[in-house]
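Here the structure is a predicted model, which is why all the values come from computation and not from measurement.
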Amino acid sequence: MTEEELNIAFDKAYERACNTKLQLPPDVMLHFYAHYKQATHADGFYTPSGNSELRNAFKLNALFQVKNLSQKEAKLKYIELVNKHITD
């Protein structure tokens with residue numbers, strides 16, 4: 001898969017994830033979040049924002065779990081997650 005093909009597949013997966021009506025479990029949503037952030041932030045790390053310290057702690061933990069993935073690996077994993085959990 002070329003980089004252009006990967007980016008197209010990633011964008012399509014993101015659109016599917018954004019437009020799904022499925023109610024996914026929070027742990028799955030955190031995987032989506034972490035892989036998306038790792039795939040889209042070139043500096044390699046993203047600090048979660050929001051008003052809930054507990055929610056931010058869960059997000060930060062999810063980000064730590066994917067911190068060693070390259071952007072390409074994170075995009076591939078994100079696509080895989082979408083294909084696994086969103087079947088519409």
Side-chain angles (χ1 to χ4, degrees):
M1 179 180 294
T2 67
E3 187 172 342
E4 182 178 354
E5 291 170 331
L6 175 60
N7 289 333
I8 291 169
F10 178 75
D11 290 341
K12 287 181 180 180
Y14 177 74
E15 286 299 316
R16 283 179 61 203
C18 287
N19 293 319
T20 187
K21 303 291 186 229
L22 294 174
Q23 293 290 325
L24 298 170
D27 61 323
V28 173
M29 294 294 292
L30 284 168
H31 287 292
F32 275 68
Y33 169 82
H35 286 90
Y36 178 81
K37 292 298 184 183
Q38 186 70 13
T40 59
H41 283 80
D43 61 2
F45 195 75
Y46 174 81
T47 304
S49 61
N51 295 332
S52 171
E53 288 185 23
L54 181 59
R55 182 176 289 156
N56 286 344
F58 279 110
K59 288 179 179 179
L60 192 58
N61 183 50
L63 291 168
F64 277 130
Q65 293 178 30
V66 300
K67 71 178 182 164
N68 292 323
L69 294 179
S70 69
Q71 282 187 299
K72 181 179 180 178
E73 291 169 324
K75 285 180 182 181
L76 289 168
K77 183 64 176 174
Y78 185 88
I79 293 165
E80 181 182 312
L81 286 168
V82 169
N83 290 337
K84 178 180 178 181
H85 294 285
I86 301 174
T87 56
D88 56 327

S.K.: Taking atom NZ of Lys84 and atom NZ of Lys77, what is their separation to the nearest 0.5 Å?
M.R.: 6.5 Å
S.K.: Give the minimum heavy-atom separation between Ala34 and Ala62, together with the two atoms involved.
M.R.: CB-O, 3.4 Å
S.K.: Drop me the distance from Ile86's CD1 to Lys21's NZ, to the nearest 0.5 angstrom.
M.R.: 11.5 Å
S.K.: Determine whether Leu54 and Tyr33 fall in the same hydrophobic cluster, where Ile, Leu, Val, Met, Phe, Trp and Tyr are linked whenever their side-chain heavy atoms lie under 4.5 Å apart.
M.R.: no
S.K.: Given side chain to side chain contact (heavy atoms under 4.5 Å, CB included), test Lys59 with Asn56 step by step and report yes or no.
M.R.: CA-CA 5 Å; Lys59 288 179 179 179; Asn56 286 344; 4.2 Å; yes
S.K.: After noting the C-alpha distance and the side-chain angles of Asp11 and Glu15, does the key distance pass the side chain to side chain contact (heavy atoms under 4.5 Å, CB included) rule?
M.R.: CA-CA 6 Å; Asp11 290 341; Glu15 286 299 316; 5.7 Å; no
S.K.: In terms of ring plane angle, is the pair Tyr78 and Phe32 parallel, tilted or perpendicular, where the classes change at 30° and 60°?
M.R.: perpendicular
S.K.: Verify the cluster assignment for Tyr14 and Ile79: are they in a single hydrophobic cluster under the rule of side-chain heavy atoms below 4.5 Å apart?
M.R.: yes
S.K.: Looking at every heavy atom in both Met1 and Leu6, which two are closest together, and how far apart are they?
M.R.: SD-CA, 3.4 Å
S.K.: Can you give me the closest heavy-atom contact between Gln71 and Ala39, atom names plus distance?
M.R.: NE2-O, 3.0 Å
S.K.: Between atom CD of Gln65 and atom NE2 of His31, what is the distance when rounded to the nearest 0.5 Å?
M.R.: 6.5 Å
S.K.: Treating Ile, Leu, Val, Met, Phe, Trp and Tyr as nodes and any side-chain heavy-atom pair under 4.5 angstrom as an edge, say whether Val82 and Val28 lie in one connected cluster.
M.R.: yes
S.K.: What pair of heavy atoms forms the shortest contact from Leu63 to Lys37, and how long is it?
M.R.: CD2-CB, 3.8 Å
S.K.: Any link between Leu81 and Leu24 through a network of hydrophobic side chains (Ile, Leu, Val, Met, Phe, Trp, Tyr) touching at under 4.5 Å?
M.R.: yes
S.K.: Roughly how far, to the nearest 0.5 Å, is NE2 of His35 from OG1 of Thr40?
M.R.: 12.5 Å
S.K.: Identify the heavy atoms of His85 and Leu22 that sit nearest to each other, and give their distance.
M.R.: O-CD1, 3.4 Å
S.K.: For residues Val66 and Tyr36: do they belong to one hydrophobic cluster (side chain heavy atoms under 4.5 Å, members Ile, Leu, Val, Met, Phe, Trp, Tyr)?
M.R.: no
